[in-house]
Student: 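I'd like to ask you about the structure that follows.
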Amino acid sequence: MREILFRGKDSITKSWVYGALVQQQDDPLKEKAFIISYSNYQFGDFSEAVMHEVDPETVGQCTGFGDKNGNKIFEGDIVCMDDWIPPCMQVAYAKGAFYLAEIENPVKYYGDIYYLTYGGKPCAKVIGNIYDDLSY
């Protein structure tokens, strides 16, 4: 089965949490998002679920790709590769697909997400994300 994984910044601790996404939109002016994580997930135990309220602006889905260091690549990550022009781009999502975009202007399309794995081998490196430090 394919893993569908999200991340978001916890509203209280400001740390990243990973798991399943739940959205609440009772009030159209105040969207809420929650990530449900499992404390013993790495051991295959799903009995201890923890729900974290997260900042909806920071929620991003895992692309299913990894970088050359084995890190999972998420929507909102900044990825770099030596032979790209520009050398760093953000991973964005629109119209049902992930793509590579300009960091400051995500509507500017640079390339398909599959460029992250040239010849089937991960060749890009995650150096951060658009929600944390942008000094790359």
Side-chain angles (χ1 to χ4, degrees):
M1 180 183 283
R2 181 169 52 110
E3 179 182 40
I4 299 175
L5 181 66
F6 288 86
R7 74 172 179 196
K9 280 195 137 181
D10 188 292
S11 297
I12 297 169
T13 67
K14 306 300 183 206
S15 62
W16 288 103
V17 292
Y18 301 81
L21 175 64
V22 176
Q23 293 176 292
Q24 181 182 25
Q25 296 178 331
D26 294 339
D27 180 353
L29 299 176
K30 188 165 184 175
E31 175 187 5
K32 288 187 176 185
F34 302 89
I35 298 283
I36 300 172
S37 63
Y38 298 94
S39 58
N40 293 320
Y41 175 74
Q42 67 269 23
F43 305 112
D45 178 3
F46 298 100
S47 62
E48 295 182 31
V50 179
M51 187 160 43
H52 306 267
E53 185 171 353
V54 295
D55 177 355
E57 296 295 318
T58 66
V59 172
Q61 186 175 359
C62 183
T63 64
F65 288 95
D67 75 355
K68 63 183 180 181
N69 295 327
N71 299 310
K72 292 180 179 183
I73 298 175
F74 285 83
E75 174 185 356
D77 276 346
I78 298 173
V79 292
C80 296
M81 196 163 80
D82 295 335
D83 58 352
W84 284 349
I85 298 173
C88 297
M89 299 176 209
Q90 79 160 285
V91 176
Y93 182 85
K95 297 184 180 180
F98 294 102
Y99 64 97
L100 301 172
E102 186 177 272
I103 294 171
E104 289 81 15
N105 184 14
V107 296
K108 185 167 183 181
Y109 173 88
Y110 277 128
D112 192 77
I113 191 78
Y114 298 104
Y115 287 114
L116 296 175
T117 57
Y118 182 73
K121 180 182 172 191
C123 54
K125 178 181 171 185
V126 174
I127 63 155
N129 62 69
I130 60 171
Y131 310 107
D132 292 328
D133 184 18
L134 284 179
S135 60
Y136 55 94

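Note that the structure is a prediction, hence the values are computed from the model and not measured.
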Student: From K32 NZ over to S11 OG, what is the distance, rounded to the nearest 0.5 angstrom?
Tutor: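 It comes to 9.0 Å.
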
Student: Sequence neighbours excluded and cut-off under 3.5 Å, please list the side-chain donor-acceptor pairs for residues 79-93, or say none.
Tutor:
unit_1	atom_1	unit_2	atom_2	d
Q90	NE2	E102	O	3.4
Q90	NE2	I103	O	3.0

Student: Tell me which pairs pass salt bridge (charged side-chain N to carboxylate O under 4.0 Å, His left out) where either residue lies in residues 6-15, with sequence neighbours left out.
Tutor: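 Qualifying pairs: R7-D77, K9-D132.
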
Student: Hey, is OH on Y110 packed in by over 12 heavy atoms from elsewhere, all under 6.0 Å?
Tutor: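 Counting neighbours around OH of Y110, more than 12 heavy atoms of other residues, nucleotides or ligands fall under 6.0 Å, so yes.
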
Student: For residues Y99 and Y114: do they belong to one hydrophobic cluster (side chain heavy atoms under 4.5 Å, members Ile, Leu, Val, Met, Phe, Trp, Tyr)?
Tutor: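 Different hydrophobic clusters.
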
Student: When you group the ILVMFWY residues by side-chain heavy-atom contacts below 4.5 Å and let the links chain together, are Y115 and I78 in the same group?
Tutor: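 No, because I78 and Y115 fall into different hydrophobic clusters, even though each may have its own neighbours under 4.5 Å.
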
Student: Minimum heavy-atom separation for V59 to A33, with atom names?
Tutor: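 Scanning both residues, the minimum pair turns out to be CG2-CB, 4.1 Å.
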
Student: For the hydrophobic clusters of this structure (ILVMFWY residues joined by side-chain heavy atoms under 4.5 Å, transitively), does one cluster hold both I4 and M51?
Tutor: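 Different clusters.
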
Student: Quick one: closest heavy-atom pair of S37 and H52, and the distance?
Tutor: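 Of all heavy-atom pairs spanning S37 and H52, the closest is OG-NE2, 3.0 Å.
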
Student: Which donor-acceptor pairs under 3.5 Å do the side chains of residues 63-71 make with protein atoms, sequence neighbours left out?
Tutor:
unit_1	atom_1	unit_2	atom_2	d
T63	OG1	F65	N	3.0
T63	OG1	I73	O	2.9
D67	OD1	N69	N	2.9
D67	OD1	G70	N	3.0
D67	OD1	N71	N	2.8
D67	OD2	N71	ND2	3.2
D67	OD2	V126	N	3.0

Student: Nearest 0.5 Å please: distance from the CD atom of E104 over to the CD1 atom of I130.
Tutor: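 The distance works out to 10.5 Å.
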
Student: Does a side-chain heavy-atom distance below 4.5 Å link L116 with L100?
Tutor: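 Answer yes - side chains close enough.
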
Student: Around atom OH of Y109, are there more than 12 heavy atoms of other residues, nucleotides or ligands at under 6.0 Å?
Tutor: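 Enclosed.
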
Student: Mind checking the CZ-CG spacing from F6 to L21? Nearest 0.5 Å is all I need.
Tutor: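 If I round to the nearest 0.5 Å, the distance is 5.0 Å.
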
Student: Heavy-atom count check: over 12 atoms from other residues, nucleotides or ligands less than 6.0 Å from E57 CD?
Tutor: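 Atom CD in E57 is not packed in, count stays at 12 or less.
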
Student: Kindly indicate whether the side chain of E53, heavy atoms from C-beta on, has any atom under 4.5 Å from the side chain of I12.
Tutor: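 A side-chain contact is absent here, since even the closest heavy-atom pair is not under 4.5 Å.
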
Student: Hey, could you give me the CZ/CH2 distance between F74 and W16, rounded to the nearest 0.5 Å?
Tutor: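 Answer for the CZ-CH2 pair, F74 versus W16, is 9.0 Å.
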
